[in-house]
**Student:** 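Let me begin by handing over the structure; questions about it come next.
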Amino acid sequence: MLTNEPANDNNRPATDYLDGFIDESQAADFLCQSVRTIQKWRVTGFGPKFYKSGRSVRYRRRDLLEWAEARRYGNTSSYTAA
């Protein structure tokens, strides 16, 4: 018998996935960068938005995706350094 019920909690809508918090290691994997690189970005203010509570640093996947999309270019001629 087929039901419309999700088989498990992994079948959450994509919006829940994008709004979830991840640590800096997962954020680095998401952006294909090293943890040290995103740490440097945080210090200089270049990187994506982040949340900090005590010593914990967290990122939302949605913020990472928006930050990466803002740096998308069609060719090298359209890139201008800020």
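Numbers here are sequence positions counted from 1. The shown structure was predicted, so the numbers you read here are calculated from the model rather than taken from an experiment.
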**Student:** Grab the two heavy atoms, one from V35 and one from S25, that are nearest each other, plus how far apart they are.
**Tutor:**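 Of all heavy-atom pairs spanning V35 and S25, the closest is CG2-CA, 3.8 Å.
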**Student:** Passes side-chain hydrogen bond (donor to acceptor under 3.5 Å, both in side chains), S34 versus T37? Steps please.
**Tutor:** CA-CA 5 Å; S34 70; T37 296; 2.9 Å; yes
**Student:** Between A28 and I38, what is the shortest heavy-atom contact and its length?
**Tutor:**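 Where A28 meets I38 most closely, the heavy atoms are N-CD1, 3.8 Å.
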**Student:** Over 60° means perpendicular and under 30° means parallel, so tell me whether F50 and Y59 are parallel, tilted or perpendicular.
**Tutor:**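 The arrangement is tilted - the two ring planes meet at 30° to 60°.
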**Student:** Considering non-hydrogen atoms only, spot the tightest contact between W67 and G47 and give its length.
**Tutor:**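 Taking W67 first and G47 second, the nearest heavy atoms are NE1-C, 3.4 Å.
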**Student:** Should R58 and I22 count as side-chain neighbours, where that means a heavy-atom distance under 4.5 Å?
**Tutor:**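 When only atoms from C-beta onward are counted, I22 and R58 do not touch, as no gap falls below 4.5 Å.
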**Student:** Distance from L64 atom CG to Q26 atom CD, nearest 0.5 Å?
**Tutor:**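 So the gap between those two atoms works out to 10.5 Å.
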**Student:** Would you mind reporting whether R42 and E24 have side-chain heavy atoms less than 4.5 Å apart?
**Tutor:**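 Yes, at least one pair of side-chain atoms sits under 4.5 Å.
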**Student:** Are any of the side-chain heavy atoms of L18 and R60 separated by less than 4.5 Å?
**Tutor:**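 They are not in side-chain contact.
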**Student:** Just verifying a value: how many Å separate F30 CZ and R61 CZ, rounded to the nearest 0.5 Å?
**Tutor:**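 Result: 7.5 Å between the selected atoms.
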**Student:** Rounded to the nearest 0.5 Å, what separation is found between the OG atom of S53 and the CZ atom of F21?
**Tutor:**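 Those atoms lie 10.5 Å apart.
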**Student:** Take a 6.0 Å sphere around CZ of R71 and say whether it holds more than 12 heavy atoms from other residues, nucleotides or ligands.
**Tutor:**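 Enclosed.
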